[in-house]
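Shown next, in structure tokens, is the structure this report addresses.
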Amino acid sequence: MDLDWNNEERDLYDGVVTFCKESLQHDVGALDANSEFPKEAWQSCADFGVLGWRVPAELGGKDYPASLVAFLMEAFGYGCEDNGLAFALGTQLWGVQTALLQFGNEEQLEKYVPGMLRGELIGAHAMNEDSSGSDAFAIETTAVADGDDFLLNGEKTLVTFAPNADFAIVFAKTAPDAGQWGISTFLVDADTPGYTASEPDEMMGLRTAPYGRVLLEDCRVPSSSMLGKTGAGASIFGFIQSWERSLVLAPHVGAMQRLLEQSLAFARERKRGGAPIGKHQAIAHRIADMKLRLETARLLLYDTVRKQQDGAADMMGSALSKIYLSECLTQTALDAVAIHGGDGYLTEAGIERNLRDAIGATIYSGTTDVQRNIIARLLGL
Amino acid sequence: MNIDALREYIQTEILNDPKFVIDADQDLLLSETLNSLSVTLLIAHIETTCDVHIPPEDVTLENFSTLRSIETYIGSIAN
Ligand SMILES: Cc1cc2nc3c(=O)[nH]c(=O)nc-3n(C[C@H](O)[C@H](O)[C@H](O)COP(=O)(O)OP(=O)(O)OC[C@H]3O[C@@H](n4cnc5c(N)ncnc54)[C@H](O)[C@@H]3O)c2cc1C
């Protein structure tokens, strides 16, 4: 596979790394400790144009191909130590914008996309419920037609940006007896009466992105807020997942590179028994494995992304990438902690945060177990 | 793509059971004969074989519940 980026693309990559290092100065450790969203950094990202990378030029965006956006998000993961911020941006690029750009009508695009680009509007992708999770289509939220409106009732859980989203893409059953074929999708503004966002729920990692619940109680939305067609919710969700699954993990490649470089520098510098610890085979092999995971994860990611952008829904590739990137970063972060010894375990040093941040990707967008089920099914088992 | 070709693909490639009986008007979705993964495979096959693009929002009960409705749908987008 040809991963040769041209000079212009490499300049863009370098520009993102420089932006992260120079303009994103927030204290990630402190925000992580308080589960606080870095609002100013978000605005800086919007001003830098991150939220417009995927958006067509007529809506004010750059219209970059998905592979280039992945490359730039890799740069973000490398340059920015705030993995929660990278994840939060990814949810907008792949979860929310994919839905809007693919299924939104002109009015819906105009209403939400320019505001997202400016950093004024944040969207949530609200599918998960206590009753569903891995069994995604077992949702119980209903949308009952009432004149020209729909009345939404139910509760969405574990939703990224639930506490501070301006709008949510809500999946609800318009025909409860039709299983997954009775699900429809709605764009619901957070200030709609009957829409209540919870306070942030505390998470293990990725703590600079907010998570929570959305309660819908007789939440009345006009039928014009439906995204796509009635009953197309499952297909819309599947389409979004096919993009989000692999692409939201693009910053993982950059994070692996960052952890490799940090570990390498530490292994060269730290002396024990009169020699740098990197001279001990146990440390050297850990670092060799970090390099191996980085390079193979990168190949798998871009192979999947390029097939996907060429129009073939690459279910196998998305599932393989989702498992591989999430598990590679988890192992690399664990190795980074081990290489740094006690320093790696100290919260202040910021290494352990990467391990906590890495675990989330083995769960969101379909757990690694569910991805293995998909691969097995595709192999005919 | 006609009903027979659709039936054969579903029997052999998706269900792995060439003798599985599927009538033209038999429900495939609510009965869960096809799950979401199977539907995605079927769509990819139709797109390749018929050189058409099926937008995800068209994948609904109305268009994909039976072999006959799928045949009608393919006819409508192929024109
Ligand atoms: C950081 C983070 C962000 C998230 N953001 C969002 C969001 O923005 N929007 C949203 O809608 N949701 C979001 N989620 C929710 C996420 O999609 C679910 O947590 C996920 O799908 C798993 O569902 P669950 O938590 O109910 O686990 P469960 O489905 O209860 O699974 C529990 C365990 O059982 C295993 N399991 C379940 N079923 C099977 C099976 N068939 N085969 C094998 N193993 C199985 C799972 O792998 C897991 O180990 C987020 C989650 C996290 C962690």
Side-chain angles (χ1 to χ4, degrees), chain A residues 98-105 108 134-138 173-185 226-243 245 307-308 310-319 366 370-371 373-381, chain B residues 1 6 8-20 22 25-78:
Chain A
T98 297
L100 282 168
L101 298 175
Q102 177 74 24
F103 305 106
N105 58 34
Q108 292 166 336
S134 300
D135 198 3
F137 300 127
K173 290 210 162 154
T174 39
D177 294 338
Q180 73 176 83
W181 306 102
I183 297 175
S184 302
T185 314
M226 189 182 282
L227 189 66
K229 295 178 185 164
T230 309
S235 311
I236 290 176
F237 177 74
F239 181 83
I240 298 168
Q241 290 282 289
S242 70
W243 283 94
R245 220 163 246 163
K307 281 186 196 146
Q308 191 90 19
D310 289 345
D314 187 12
M315 275 190 295
M316 179 64 96
S318 304
V370 168
Q371 303 312 312
N373 289 350
I374 293 173
I375 294 167
R377 282 295 310 270
L378 290 172
L379 290 173
L381 292 175
Chain B
M1 200 174 199
L6 285 165
E8 193 187 332
Y9 177 77
I10 292 171
Q11 287 169 327
T12 54
E13 300 298 324
I14 292 183
L15 302 176
N16 239 336
D17 180 0
K19 294 201 176 115
F20 192 93
I22 313 174
D25 296 306
Q26 177 183 327
D27 165 74
L28 298 168
L29 301 184
L30 295 181
S31 61
E32 294 183 14
T33 306
L34 299 183
N35 62 19
S36 45
L37 196 57
S38 324
V39 172
T40 314
L41 291 173
L42 175 64
I43 288 164
H45 177 68
I46 296 170
E47 288 188 327
T48 317
T49 314
C50 306
D51 195 20
V52 290
H53 169 64
I54 300 177
E57 67 266 34
D58 279 2
V59 185
T60 57
L61 211 49
E62 188 189 343
N63 295 331
F64 280 81
S65 61
T66 65
L67 293 175
R68 198 182 304 282
S69 66
I70 301 172
E71 183 193 49
T72 308
Y73 171 73
I74 297 171
S76 74
I77 57 165

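What you see is a predicted model, and the numbers here were worked out from it, not measured in a lab.
- At a threshold of 4.5 Å between non-hydrogen side-chain atoms, the residues B:I10 and B:F20 do not count as touching.
- Note that the CE atom of B:M1 and the CD1 atom of B:I46 stand 6.0 Å from one another [nearest 0.5 Å].
- A distance of 7.0 Å separates CG of B:L34 from CD1 of B:I22, quoted to the nearest 0.5 Å.
- If you measure heavy-atom distances from A:A234 to chain B, you find no contacts under 4.5 Å at all.
- The shortest heavy-atom contact between B:L61 and A:A178 is CD2-CB, 3.9 Å.
- At a 4.5 Å heavy-atom cutoff, the contact between A:I374 and chain B is made by backbone and side-chain atoms alike.
- Ranked by heavy-atom pairs under 4.5 Å with chain A, the first of B:V59, B:L41, B:L29, B:V39 is B:L29.
- Atoms CG and CG, from A:L378 and B:L37 in turn, are 5.0 Å apart once rounded to the nearest 0.5 Å.
- Applying the side chain to side chain contact (heavy atoms under 4.5 Å, CB included) test to A:L379 and every residue at least two apart in sequence or in another chain returns A:M316, A:I375.
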Below 3.5 angstrom, are there any donor-acceptor pairs between chain B and chain A, and if so, which atoms and how far apart?
residue : atom : partner : partner atom : Å
B:D58   : OD1  : A:K229  : NZ           : 2.3
B:V59   : O    : A:S235  : OG           : 2.8

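- Note that CD1 of B:I54 and CG of B:L42 are 7.5 Å apart. Values are rounded to the nearest 0.5 Å.
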